[in-house]
Amino acid sequence: MSDSLRVKSSPTLVTKTAYVLRQYIGTEFSSGGKLPGEHELAERLGVNRGTLRGALKLLEQDGLITRRRGDGTYANPHVISIKTRIEYLIEYWELIRSSGYEPQAEILSVEIAEASEEIAGQLNIEPNSPLLVTQQVLLADGNPAIYVEDVIPVQLIKEEYAEQELMESFFDFLEDRCFVRLDYSVSNIEPCACSDQVAEILGLGPCQAVLKASAILYTENSKPIVYSESYYNPNFIHFSVLRKRKDI
């Protein structure tokens with residue numbers, strides 16, 4: 001392993017170690033094979049074996065590796081080959097890159113609106129509270145791939161921001177301008193016939209089927225901070241999901 005793969009100490013060292021290992025396995029073991037032993041991996045990564053085992057456990061839960069008692073740890077090429085997994089919370093730019101395209105973003109609108117009773121209930125705020133509502137389209141090699149509408153309570157925004165920031169890392173925007181860290185989302189995913197508006201934005205035919213995700217995004221303390229709706233152009237974005245047998 002090169003020095004660039006070494007993991008530095010941080011409050012989320014196990015997670016960061018798992019991230020580095022995931023990149024390493026995807027590069028060096030795309031066709032499968034047995035990983036180096038725990039002692040060698042821990043030494044090369046600069047972490048203790050407890051941290052390494054925590055990272056390996058995360059990768060095992062993700063299905064990227066199989067740990068065989070008394071034999072070692074093996075990469076699972078069938079899972080490694082999956083480009084986009086629906087159970088991962090990743091930014092749209094990364095999703096498009098993982099699908100093999102170069103991403104870009106275009107802001108369609110940014111406005112302040114009042115929270116309906118439904119949205120207020122989902123975000124645990126008062127009805128008619130001011131919301132920052134953004135609409136943007138994510139491009140894949142210049143083609144419209146994802147249409148997104150995000151809703152953020154204005155009261156969460158602590159610092160001034162440039163509109164350009166909304167087109168870049170949404171995770172960073174929440175941390176840098178709202179002082180909150182996104183931890184997980186709960187999404188309802190369903191196929192639907194796209195509206196005339198969505199069809200025009202994504203360059204699709206009238207009433208063409210698309211995948212729609214309605215999500216509430218939460219902090220580490222399970223506080224709802226964002227409501228989001230996204231529509232995926234099936235010509236560019238495809239999802240896979242790994243389903244493992246549940247232990248009883």
Side-chain angles (χ1 to χ4, degrees), residues 84 86 88-98 102-140 142-190 192 194-204 210-233 236-237 239:
T84 53
I86 204 165
Y88 287 159
L89 179 58
I90 63 174
E91 299 207 60
Y92 297 116
W93 287 64
E94 184 180 348
L95 174 61
I96 291 173
R97 284 197 182 97
S98 68
E102 184 61 30
Q104 291 178 295
E106 292 182 1
I107 290 286
L108 302 179
S109 69
V110 178
E111 60 182 12
I112 302 298
E114 293 184 350
S116 65
E117 290 191 6
E118 180 182 1
I119 294 296
Q122 291 172 327
L123 295 178
N124 195 26
I125 59 177
E126 292 295 325
N128 302 319
S129 296
L131 301 171
L132 175 67
V133 181
T134 65
Q135 296 177 328
Q136 63 176 307
V137 58
L138 284 297
L139 308 176
N143 300 293
I146 310 172
Y147 167 63
V148 184
E149 181 173 314
D150 290 321
V151 176
I152 309 171
V154 170
Q155 66 188 32
L156 284 180
I157 304 173
K158 307 302 182 183
E159 290 196 346
E160 293 185 4
Y161 61 91
E163 190 173 290
Q164 177 69 23
E165 295 178 60
L166 298 170
M167 298 171 56
E168 297 170 353
S169 171
F170 191 60
F171 294 178
D172 287 349
F173 175 81
L174 291 173
E175 292 191 26
D176 296 341
R177 304 306 182 193
C178 304
F179 305 154
V180 294
R181 184 178 185 277
L182 177 61
D183 188 55
Y184 67 94
S185 73
V186 176
S187 301
N188 180 50
I189 300 172
E190 59 183 347
C192 68
C194 59
S195 65
D196 291 342
Q197 177 193 15
V198 174
E200 181 178 358
I201 291 171
L202 294 180
L204 301 174
V210 295
L211 195 63
K212 174 187 177 183
S214 303
I216 302 176
L217 283 58
Y218 295 86
T219 67
E220 295 171 299
N221 297 323
S222 294
K223 178 182 178 180
I225 52 174
V226 177
Y227 175 75
S228 179
E229 288 188 357
S230 50
Y231 298 81
Y232 298 88
N233 186 332
F236 296 97
I237 304 297
F239 291 103

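Atom set for the values below is all heavy atoms of this structure, side chains included, hydrogens, waters and symmetry mates excluded.
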Point to revise | S230 versus V148, closest heavy-atom pair with distance | key: CB-CG2, 4.2 Å

Practice item. With rounding to the nearest 0.5 Å, note down the distance linking CD in E149 to CG in L108. Key: 10.0 Å

Point to revise | Backbone N/O of L138 and side chain of W93: donor-acceptor pair under 3.5 Å | key: no

Exercise for review: Measure across L123 and Y227 and return the closest heavy-atom pair with its distance rounded to 0.1 Å.
Suggested key: CD2-N, 3.8 Å

Practice item. Could you go through the side-chain contact (heavy atoms from CB on, under 4.5 Å) check for Q197 and Y147 one step at a time? Key: CA-CA 10 Å; Q197 177 193 15; Y147 167 63; 3.7 Å; yes

Exercise for review: Find the distance between CE (M167) and CD (E106) and round it off to the nearest 0.5 Å.
Suggested key: 7.0 Å

Check your understanding: Under the side-chain contact (heavy atoms from CB on, under 4.5 Å) criterion, do F173 and D150 qualify, and how do the steps go?
Key -> CA-CA 12 Å; F173 175 81; D150 290 321; over 6 Å; no

Check your understanding: P153 and L131: which non-hydrogen atoms are nearest, and at how many Å?
Key -> CA-CD2, 3.8 Å

Would you mind writing out the side-chain donor-acceptor pairs for residues 211-225 within the sub-3.5 Å range, not counting sequence neighbours?
| from | atom 1 | to | atom 2 | distance (Å) |
| --- | --- | --- | --- | --- |
| T219 | OG1 | N221 | N | 3.2 |
| T219 | OG1 | K223 | N | 3.2 |
| S222 | OG | Y184 | OH | 2.8 |

Review point. Just wondering, more than 12 heavy atoms not from D196 lying within 6.0 Å of its CG?
Key: no

Practice item. Answer yes or no: is there a side-chain heavy-atom contact under 4.5 Å between D176 and E159? Key: no

Exercise for review: Let me know which of L204, V210, I237, V137 forms a side-chain contact (heavy atoms from CB on, under 4.5 Å) with Y231.
Suggested key: V210

Practice item. Could you walk me through whether I96 and F236 pass side-chain contact (heavy atoms from CB on, under 4.5 Å), step by step? Key: CA-CA 8 Å; I96 291 173; F236 296 97; over 6 Å; no

Exercise for review: Please check if the side chain of Q155 supplies one atom and the backbone of S129 the other of a donor-acceptor pair under 3.5 Å.
Suggested key: no

**Study point:** Expected output: side-chain E165 to main-chain A162 donor-acceptor under 3.5 Å
**Key:** yes

Check your understanding: So does E168 have more than 12 non-hydrogen atoms from other groups sitting under 6.0 Å from CD?
Key -> yes

Practice item. Could you pull out the closest heavy-atom pair between L202 and Y232, with the gap in Å? Key: CD1-C, 4.4 Å

Exercise for review: Output, in order, the C-alpha distance, side-chain angles, deciding distance and verdict of side-chain contact (heavy atoms from CB on, under 4.5 Å) for L174 and V226.
Suggested key: CA-CA 10 Å; L174 291 173; V226 177; 4.1 Å; yes

Study note, to complete from the structure: To the nearest 0.5 Å, atom CG of L166 lies from atom CG of L132 at 6.0 Å

Exercise for review: To the nearest 0.5 angstrom, please state how far the CD atom of E126 sits from the CD atom of E117.
Suggested key: 10.5 Å

Review point. Under 3.5 Å, is there a donor-acceptor pair between the side chain of E91 and the main chain of F170?
Key: yes

Revision key, fill the gap. Heavy-atom closest pair (S98 atom, L95 atom, distance to 0.1 Å) is OG-O, 2.7 Å

Review point. How long is the span from the NZ atom in K158 to the CZ atom in R177, to the nearest 0.5 Å?
Key: 14.0 Å

